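None of the values given here were measured: they were computed from a predicted structure. First the proteins, then the strands, lettered A, B, ... as listed; each starts at 1.
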Protein chains: 2
Amino acid sequence: MNELLQYIHSLTAFDTESWALLQPALTQQTFNKNELLLKEGQVCRSLFFIVKGYCKSYYEVDGLVKNTGFFFENEIATNISSFGSGQKSEFNIVACELLTVIIIDKEKLFQAAQQAPEIETLGRQCIRLFATKQEEFSNLFKLYTPQERLEYMETRHPAMLQRVSLSQLASFLGVARETLSRIRKRRSHV
Amino acid sequence: MNELLQYIHSLTAFDTESWALLQPALTQQTFNKNELLLKEGQVCRSLFFIVKGYCKSYYEVDGLVKNTGFFFENEIATNISSFGSGQKSEFNIVACELLTVIIIDKEKLFQAAQQAPEIETLGRQCIRLFATKQEEFSNLFKLYTPQERLEYMETRHPAMLQRVSLSQLASFLGVARETLSRIRKRRSHV
DNA sequence: TTCATCCTGTGACGATCGTCACAAAAATCA
DNA sequence: TGATTTTTGTGACGATCGTCACAGGATGAA
């Protein structure tokens with residue numbers, strides 16, 4: 001739980017009383033590789049704070065897997081749209097390795113937030129971080145070519161490149177696996 | 001101001017006391033076409049609630065304009081990243097028509113939020129909507145081809161198509177203006 | 001109305017991409 | 001270790017895209 005507390009402190013002032021109030025909303029859990037945290041069609045009722053390992057969100061379109069996000073240690077994975085609106089999720093979240101998370105239950109989180117404005121603020125900050133990340137990756141596609149997108153990930157998110165395979169990354173960058181291969185080749189032969 | 005109040009009621013329970021507390025944070029203002037609401041390099045200290053007209057966010061990369069978002073009536077335009085973190089904005093927001101907005105000042109909003117948890121909740125909901133919108137458009141690029149992206153906009157955001165020119169939309173969809181022209185042509189000759 | 005500006009369509013051409021296919025390399029597991 | 005699976009590289013080929021160029025149409029201001 002210590003990782004979560006540090007994460008919270010990095011986002012907002014938080015006293016021991018708020019931390020105590022938050023406890024009922026928290027459950028630690030592990031997922032095996034390829035195990036689903038959230039399944040398409042379900043309503044997302046949790047935030048998943050990642051202690052160890054990583055997971056990804058993906059759509060299945062015409063039987064094909066399309067990765068839309070990767071989430072690593074000290075980040076929160078969730079379907080912000082489903083979590084906020086209560087509507088069914090259109091995508092899945094799956095563990096890519098053995099994964100340890102702290103599950104934050106929505107209903108109990110809201111109950112705690114009513115008793116401590118610090119918790120409400122925390123919730124707002126979490127969503128803000130999430131929105132910022134979405135914005136960053138959304139703009140990748142509008143501003144850059146596939147090659148520039150790869151270079152952006154290499155310079156700005158090197159840790160991700162080291163843990164995610166080329167095939168997985170290709171889907172996330174919206175190009176074919178072979179394209180990333182060829183971009184590498186083109187660059188090395190300059 | 002009535003439009004804003006309706007918008008707020010659609011997001012959260014809000015009593016007259018909270019509404020009164022919020023007033024000092026609000027200023028109505030108009031912008032002429034091509035006038036900037038937010039300039040690259042500035043820190044974004046406002047939420048812009050759009051009463052009438054529309055605006056867009058855009059980057060300037062190598063002297064070229066790249067549109068990243070369009071914002072219409074009863075939506076909030078802002079740079080969520082800059083607004084939240086206090087860092088300089090990397091993009092501009094500009095009025096595309098004569099624009100009437102209610103400017104919500106960040107500092108005064110936070111002061112009001114400390115006195116009424118309803119306002120804190122409102123802020124969280126606004127950010128949530130913003131994140132949801134970002135997520136939607138971010139996934140457009142990972143899931144669909146240019147033709148499918150255009151079709152998505154036509155079916156899910158027809159109002160936007162009616163108000164934004166093809167050239168402007170092309171930039172937003174991450175393709176050349178001519179490509180959208182040809183997609184239209186290809187479809188009509190089936 | 002007239003002029004200037006903006007927007008859209010279209011042809012040509014080279015570059016890049018997606019797909020299919022297969023081989024090599026790396027990782028995983030028994 | 002050896003076998004199996006996963007991942008990556010690469011060639012071929014057709015489709016699509018970006019760029020450049022120019023023409024016509026729409027829009028708006030004088």
**Prompt:** Counting only side-chain N and O atoms of B:Ser167, is one of them less than 4.0 Å from OP1 or OP2 of C:dC6?
**Reply:** no
**Asked** About how many Å separate OG of A:Ser57 and CZ of A:Phe70, when rounded to the nearest 0.5 Å?
**Response** 8.0 Å
**Request:** Grab the CD-P distance between A:Gln162 and C:dA27 for me, whole Å please.
**Result:** 13 Å
**Fill in**
Here the distance between atom P of D:dT16 and atom OH of B:Tyr144, to the nearest Å, is 19 Å
**Prompt:** Can you tell me how far P of C:dG9 sits from CD1 of B:Ile183, to the nearest Å?
**Reply:** 12 Å
**Asked** In whole Å, what is the span from the CG atom of B:Leu150 to the C1' atom of D:dT16?
**Response** 15 Å
**Request:** With the side chain of B:Ser181 defined as its heavy atoms from C-beta on, choose the nearest nucleotide among D:dT8, C:dT10, D:dT16.
**Result:** C:dT10
**Asked** From the list C:dT8, D:dT8, D:dT10, which nucleotide is the closest neighbour of the side chain of A:Leu166?
**Response** D:dT8
**Request:** Could you check how far CG of B:Leu180 sits from P of C:dT10, rounded to whole Å?
**Result:** 14 Å
**Message:** Looking only at the side chain of B:Arg177 (C-beta and beyond, no hydrogens), which of the listed nucleotides D:dC17, C:dG9, D:dT8 gets closest?
**Reply:** C:dG9
**Nucleotide nearest A:Ala176 (side chain, heavy atoms from C-beta), chosen from D:dG18, C:dG18, C:dT8** = C:dG18
**Request:** Go through D:dG9, C:dG18, C:dT10 for me and flag the one nearest to the A:Arg184 side chain.
**Result:** D:dG9
**Item:** Mutual orientation of the aromatic rings belonging to A:Phe31 and A:Phe48 [parallel < 30°, tilted 30-60°, perpendicular > 60°]
**Value:** perpendicular
**Asked** Would you call B:Glu97 and B:Arg163 a salt bridge, using N to O less than 4.0 angstrom?
**Response** yes
**Message:** Looking at A:Glu135 and B:Lys133, is there a salt bridge between them, counting it only when a charged N and a carboxylate O are closer than 4.0 Å?
**Reply:** no
**Asked** Do A:Glu178 side-chain and C:dC20 base share a donor-acceptor contact under 3.5 Å?
**Response** yes
**Message:** Which label fits A:Phe14 and A:Trp19: parallel for a plane angle under 30°, tilted from 30 to 60°, or perpendicular past 60°?
**Reply:** perpendicular
**Request:** Would you kindly check whether a donor in the side chain of B:Arg182 faces an acceptor in the base of D:dT19, or vice versa, at under 3.5 angstrom?
**Result:** yes
**Prompt:** Can you tell me how far C1' of D:dG18 sits from CD of A:Glu148, to the nearest Å?
**Reply:** 13 Å
**Separation of atom NZ in A:Lys142 from atom C1' in D:dG18, rounded to whole Å** = 20 Å
**Message:** Side-chain N or O of B:Lys33 versus OP1/OP2 of C:dC6: is the shortest distance under 4.0 Å?
**Reply:** no
**Asked** Can you tell which of D:dT10, D:dG18, D:dT16 lies closest to the side chain of B:Arg186?
**Response** D:dT16
**Message:** Can you see if the side chain of B:Thr179 gets near the phosphate of D:dG18 - specifically, an N or O under 4.0 Å from OP1 or OP2?
**Reply:** yes
**Request:** Would you mind reading off the distance between B:Gln147 atom CD and D:dA15 atom P, rounded to a whole angstrom?
**Result:** 15 Å
